[in-house]
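Written out below as structure tokens is the structure these notes cover.
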There are 2 protein chains.
Amino acid sequence: MANKLKHDRQLVINQATNLFWEKGFHATSMRNLQDHIDMRPGSIYAAFGSKEGLFKETLQCYADGSLKRLQASVEATPSPLAAMKHFVKLVVQQGKNQAPNEMCMLVKTVSELTEENEELLEESKRLLKVMENAFADLLSQAQQAGEIDSSKDPQRLARLIQMQLIGLRLYARTSNSENSVNDLIDDLFNCLK
Amino acid sequence: MANKLKHDRQLVINQATNLFWEKGFHATSMRNLQDHIDMRPGSIYAAFGSKEGLFKETLQCYADGSLKRLQASVEATPSPLAAMKHFVKLVVQQGKNQAPNEMCMLVKTVSELTEENEELLEESKRLLKVMENAFADLLSQAQQAGEIDSSKDPQRLARLIQMQLIGLRLYARTSNSENSVNDLIDDLFNCLK
DNA sequence: TTTTATATTGAACACTCGTTCAAGTCCAGA
DNA sequence: TCTGGACTTGAACGAGTGTTCAATATAAAA
């Protein structure tokens, strides 16, 4: 029959995600990728079709990871509101230390791309909306648990959280003061009250 | 003596600002610039030294414009808090219709660049801090006018506004719903109370 | 062991990038 | 009118871009 695949597809996508997340779509060249994931052009194009094709898979990989981290926060604490706050702190803190970039990869992509890469732009927007909906679910649970005023609209609160989380991560990139960012997280959750 | 300058320097910088603001640093090629500002490579390099040199001047041009728009908002209304809100609405609305890009050019630059263009990155961060300080001044005036609780720290409020304005403009780029964005502006200013 | 189908390789392609510089253009002062 | 010197031009450069494809390597099936 055939030759076995030398490369584990999911591993390759993870590695590519880290590189794209760090440098962005345009600043990551195919040569950068070749070195980082240890594949030659022919193999990459056979597996993913194009740079755009590979990038699209990394967007989904990134969003999957974000959803899983949110889910893990939910399972780690009985309070939905505390889980929401834990997730925000985790994301900001990991941005400082571990993650390839302080910013959300989806936001970085929306910021970078134009209509020239419409499919990638729309996919990023779609995945951001998926995250926002997950926030709304969680805030709705917080409401049922009596942690949030029942007169508020969870979808609208989720939108506010999403907007502020976007701002927060970008602000963290502009500022070297950790105290400032921690203050901002407190202020952010005060807005929900 | 000499030949007169054919090109008006300030006009050229304004035109370059619009193009860089729209497309970003890397996605704007020197060929794009040559067409847009109607200058040949030699003239551009004689006047600005490099692509980075020109970009740095456009960053300052952009920040100048932002400060002037804030100043105009202040002069248009007797209430400092109303001026702050007017500025936010203006910036978001112009982003939808007139401006080259929904996003703040400084934020877009911080999002795009890495240590590879450290000088441009630092300059963007510096100019964002200038804006934040201008917000703090204005909020301090609002405090003296009794529009904001006197126990709050204007610098911290300014930081919150800055963070939310960054998030707001980026959120506006991800969403097609004008109502959502207007709701966010209201929620944003409720956070100040 | 031979065949066969697929995975992998990397040189090469056409193109674009930021930048340089010798040649040409232009006008004020002599 | 001539000359000197600053400004402008655009072809050309080397390096880098995303992508292709004929050649090669590999392992399961015959």
Side-chain angles (χ1 to χ4, degrees), chain A residues 1-17 19-59 109 112-121 123, chain B residues 1-13 15-59 109 112-121 123:
Chain A
M1 266 251 281
N3 193 359
K4 268 201 300 189
L5 269 77
K6 180 178 168 188
H7 306 288
D8 172 9
R9 186 177 177 89
Q10 192 52 55
L11 177 64
V12 163
I13 292 176
N14 285 339
Q15 289 171 322
T17 302
L19 195 63
F20 275 130
W21 186 3
E22 182 190 338
K23 306 178 56 140
F25 178 70
H26 281 119
T28 303
S29 73
M30 289 304 288
R31 260 98 175 164
N32 292 154
L33 274 167
Q34 288 162 37
D35 296 344
H36 198 255
I37 69 182
D38 192 31
M39 284 173 81
R40 261 36 65 197
S43 294
I44 300 178
Y45 279 80
F48 301 103
S50 66
K51 188 188 180 185
E52 284 201 295
L54 174 53
F55 188 74
K56 190 169 178 182
E57 297 223 28
T58 67
L59 285 176
T109 303
E112 179 187 356
L113 298 186
T114 66
E115 306 78 38
E116 212 161 306
N117 305 96
E118 205 184 346
E119 196 182 338
L120 299 177
L121 190 55
E123 181 66 3
Chain B
M1 269 250 284
N3 194 2
K4 268 199 300 187
L5 269 77
K6 178 176 167 188
H7 306 289
D8 172 9
R9 187 177 177 89
Q10 193 54 54
L11 176 65
V12 163
I13 292 175
Q15 289 171 322
T17 302
N18 285 336
L19 195 63
F20 275 130
W21 185 4
E22 181 189 339
K23 305 179 58 139
F25 179 70
H26 281 118
T28 304
S29 73
M30 288 305 287
R31 261 97 176 165
N32 292 154
L33 274 167
Q34 288 162 39
D35 295 344
H36 198 256
I37 69 183
D38 192 31
M39 284 173 83
R40 261 38 63 197
S43 294
I44 299 178
Y45 279 80
F48 301 103
S50 66
K51 187 187 181 186
E52 284 200 297
L54 173 54
F55 188 73
K56 191 169 178 182
E57 297 223 29
T58 66
L59 286 177
T109 302
E112 179 188 357
L113 298 187
T114 66
E115 307 77 37
E116 212 161 306
N117 305 96
E118 205 185 345
E119 196 183 337
L120 299 177
L121 190 54
E123 181 67 3

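Protein chains get the first letters and strands the later ones, always in sequence-line order, with residue 1 at the start of each.
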Distance test, side-chain N/O of Ser43(A) to OP1/OP2 of dT9(C), below 4.0 Å: yes
Interatomic distance, Tyr45(B) OH vs dC21(C) P [rounded to whole Å]: 13 Å
When the distance from CE of Met30(A) to C1' of dG16(D) is rounded to whole Å, what number comes out? 14 Å
Spacing of NZ belonging to Lys23(A) relative to CD belonging to Glu116(B), to within rounding of 0.5 Å: 6.0 Å
In whole Å, I'd like the distance from the CD1 atom of Ile37(B) to the P atom of dT9(D). 11 Å
For the pair made of NZ in Lys51(B) and C1' in dT16(C), what is the distance, rounded to whole Å? 12 Å
Value in whole Å for how far the C1' atom of dT9(C) lies from CZ of Arg31(A): 14 Å
In this structure, how many angstroms lie between the C1' atom of dG18(C) and the CE atom of Met39(B), rounded? 16 Å
Do Lys56(A)'s NZ or CZ and the ring of Phe48(A) fall within the cation-pi criteria of under 6.0 Å and 45°? no
Specify the residue among Ala27(A) and Pro41(A) whose closest nucleotide of DNA chain D lies further upstream toward the 5′ end. Ala27(A)
Between dG16(D) (C1') and Lys23(A) (NZ): distance, integer Å: 13 Å
5' priority, DNA chain C, between Phe25(B) and Gly42(A) [closest heavy atom]: Gly42(A)
Students often mix this up, so state it plainly: with edges at 30° and 60°, are the rings of Phe55(B) and Phe20(B) parallel, tilted or perpendicular? perpendicular
How long is the line joining CG of Asp38(B) and C1' of dT8(D), in whole Å? 11 Å
Quiz question: by atom type and distance under 3.5 Å, do the side chains of Asn14(A) and Thr17(A) form a donor-acceptor pair? no
Is any side-chain N or O of Ser29(A) closer than 4.0 Å to OP1 or OP2 of dT17(D)? yes
